[in-house]
Enquirer: 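Can you keep this structure in mind? I'll have questions shortly.
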2 protein chains.
Amino acid sequence: MIAPSHRSRGETAEQILDTAEMLLQTRGYSAISYQHIAEVLGIRKASIHYHFPSKGELGIAVVDRYAARFQAALDDIAADQTRSALSMLAFYVGPYLEFAETPDRVCLCGALAGELMALPVELRARVEAFFVSHQAWLAGILERGVARGEFRLLDQPSKVARLIFGALQGGLIVKRTTGDIAQLHDVVTVVMAMLR
Amino acid sequence: MIAPSHRSRGETAEQILDTAEMLLQTRGYSAISYQHIAEVLGIRKASIHYHFPSKGELGIAVVDRYAARFQAALDDIAADQTRSALSMLAFYVGPYLEFAETPDRVCLCGALAGELMALPVELRARVEAFFVSHQAWLAGILERGVARGEFRLLDQPSKVARLIFGALQGGLIVKRTTGDIAQLHDVVTVVMAMLR
DNA sequence: GTCTATACAAAGATAGAC
DNA sequence: GTCTATCTTTGTATAGAC
């Protein structure tokens, strides 16, 4: 029985997070303001301060929600022992390819990492945790693929995971800049070829 | 005979560009201000406006200088027919590894690309041109390595170049976030292994 | 919970003295 | 070429009415 996951936040708070997430992905942290978010939602700046008193807290809430959503999906996938490692990897690449299909979105943490030193330290820590956990997850999938005879790695799983993760983050950012969707597809193609 | 390359800009203008470049690499475009630059140099905001009337123009001047410096080195290297393709690639990776040795610097264009939609359009165009030309250069080196029997590629040179470039940009950004210098070294190691 | 109003600081930019 | 002074707008944040 699947109960609808009760929200710990109200509707307005969720809309604020949605809008802030979109703006952070497209324009970054320093460039966005309460005014921008308020305009998109048709509300006033003060209403946002009611839900998220400071910009730093808002940024943290956005990243925490984003990372938790991602992590839940990764946990689900990795837990399914019947799936091939290849399909797990293909699953992981999915969100990146989806972002690549938008004109201006990249991974939230990839965008924030570009202006790392301008972020509140608590926010930096979140971005770091995101990178660390995703690379650990990838390394686990690669190890699994080796154990199942699906992958042949050029080096230790953790090192290959770093290459793949960096290539996805970097490839997505380059894709948005050049506007060429093939940028990320090519990266994924070569990554897959590398694992055989 | 080597004449000292005459500067088309004065000493102060160069110092402003140096400081702006450093701040852009560490904090990004939106987060830096004339005030920050002035404080580092011990001058006033108005003095910067004398040399670079608007922030957009300053940003463009920084990126143009950065890209030209990089390009001159790439042209020199690629022109030397006696060098191996491997040594050329090792040379290309050099600046990334140097940035990785600093606590908070990444590639200027990699940093700016994270907040792409917040940049003036002329600046975006510069970042795009940087990405396009660097990937073309890398593809040329890869092709050369294949012709010389040094490299064996998993796919077309342009596609492998995209993987390598994205991995370097992404790897450097992840490295700065996690603070682990091995992050980028591992990426380079696996890239090199991939080419054999 | 959302609004108006406001405080306060910082930003980009210009005018004009030196 | 650099400075002081100033303008205008924007940003973050709070107080208090509704």
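The sequence lines fix the lettering, A, B, ..., with proteins before strands; numbering per chain opens at 1. Nothing here was measured: the structure is a model prediction, and the numbers come from that model.
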Enquirer: Once you round to the nearest 0.5 Å, how far does CD1 of B:I37 lie from CD1 of B:I43?
Expert: 8.5 Å

Enquirer: Just to verify, what does A:D18 make a salt bridge (Lys or Arg N to Asp or Glu O under 4.0 Å) with, not counting sequence neighbours?
Expert: A:R65

Enquirer: Keeping to residues at least two apart or across chains, list the salt bridge (charged side-chain N to carboxylate O under 4.0 Å, His left out) pairs with something in residues 149-176 of chain A.
Expert: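 Only A:R148-A:E150, A:K159-B:D186, A:R162-B:D180, A:R162-B:D186 qualify under salt bridge (charged side-chain N to carboxylate O under 4.0 Å, His left out).
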
Enquirer: Tell me: CD1 of A:I37 to C1' of D:dT10, nearest whole Å?
Expert: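 In whole Å, D:dT10 C1' lies 15 Å from A:I37 CD1.
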
Enquirer: Between C1' on D:dG11 and CD on A:E39, what's the gap in Å once rounded to a whole number?
Expert: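 Whole-Å distance recorded here is 12 Å.
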
Enquirer: For A:Y29 and D:dG11, what is the distance between atoms OH and P respectively, to the nearest whole Å?
Expert: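 Distance, rounded to whole Å: 14 Å.
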
Enquirer: When the distance from CD1 of B:I32 to C1' of C:dG12 is rounded to whole Å, what number comes out?
Expert: 13 Å

Enquirer: Could you state the atom-to-atom distance from NE2 of A:H51 to C1' of C:dG1 in whole Å?
Expert: 6 Å

Enquirer: Do any side-chain nitrogens or oxygens of B:S47 fall under 4.0 Å of OP1 or OP2 in D:dC3?
Expert: yes

Enquirer: Quick test of your reading: applying ring pair (Phe, Tyr, Trp, His ring centres under 6.0 Å), list the pairs with at least one residue in residues 109-143 of chain B, sequence neighbours left out, ordered by first then second residue.
Expert: B:Y66-B:F130, B:F70-B:F130, B:F70-B:H134, B:Y92-B:H134, B:Y92-B:W137, B:F130-B:H134, B:F131-B:F165

Enquirer: If you restrict it to nitrogen or oxygen atoms, what contacts under 3.5 Å exist between nucleotides 13-18 of chain D and the protein, and what is each distance?
Expert:
unit_1: D:dA13; atom_1: OP2; unit_2: A:K55; atom_2: N; d: 2.8
unit_1: D:dA13; atom_1: N7; unit_2: A:H49; atom_2: NE2; d: 3.2

Enquirer: Looking only at side-chain atoms of B:R44, point me to the closest of D:dG1, D:dC3, C:dA11.
Expert: D:dC3

Enquirer: Suppose we screen for side chain to side chain contact (heavy atoms under 4.5 Å, CB included). Which residues come up paired with A:E143, at least two apart in sequence or across chains?
Expert: A:P157

Enquirer: So, is B:H36 near the phosphate of C:dA10, with a side-chain N or O under 4.0 Å from OP1 or OP2?
Expert: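 So the side-chain polar atoms of B:H36 never come under 4.0 Å of the phosphate oxygens OP1 or OP2 of C:dA10.
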
Enquirer: What residues, two or more places apart in sequence or in another chain, satisfy side-chain hydrogen bond (donor to acceptor under 3.5 Å, both in side chains) together with A:Q81?
Expert: A:R144

Enquirer: In chain order, what residues pass the side-chain hydrogen bond (donor to acceptor under 3.5 Å, both in side chains) check against A:E57, with sequence neighbours excluded?
Expert: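 For A:E57, the residues satisfying side-chain hydrogen bond (donor to acceptor under 3.5 Å, both in side chains) (neighbours in sequence not counted) are A:S54.
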
Enquirer: For DNA chain D, what residues of residues 113-124 of chain B have any heavy atom nearer than 4.0 Å?
Expert: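 The answer is none.
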
Enquirer: Quick one: B:Y50 OH to D:dT4 C1', roughly how many Å, whole number?
Expert: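 Distance, rounded to whole Å: 18 Å.
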
Enquirer: Which heavy atom of A:L172 sits nearest to which heavy atom of A:Y96, and what is that distance?
Expert: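 What the structure gives for the nearest pair is CD1-O, 3.7 Å.
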
Enquirer: Give the rounded distance in Å between these two atoms: CD1 of A:I43 and P of C:dG1.
Expert: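 Going from CD1 in A:I43 over to P in C:dG1 covers 13 Å.
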
Enquirer: So, is A:S33 close to the D:dT10 phosphate, meaning a side-chain N or O under 4.0 Å from OP1 or OP2?
Expert: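 Indeed not, no polar side-chain atom of A:S33 lies that close.
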
Enquirer: Just to confirm, is there a sub-4.0 Å distance from OP1 or OP2 of D:dT2 to any side-chain nitrogen or oxygen of B:T12?
Expert: yes

Enquirer: Quick one: salt bridge (charged side-chain N to carboxylate O under 4.0 Å, His left out) pairs with a partner in residues 104-127 of chain A, sequence neighbours left out?
Expert: A:D64-A:R126

Enquirer: Quickly work out the A:R9 CZ to C:dG1 C1' distance and round it to whole Å.
Expert: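 That distance rounds to 16 Å.
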
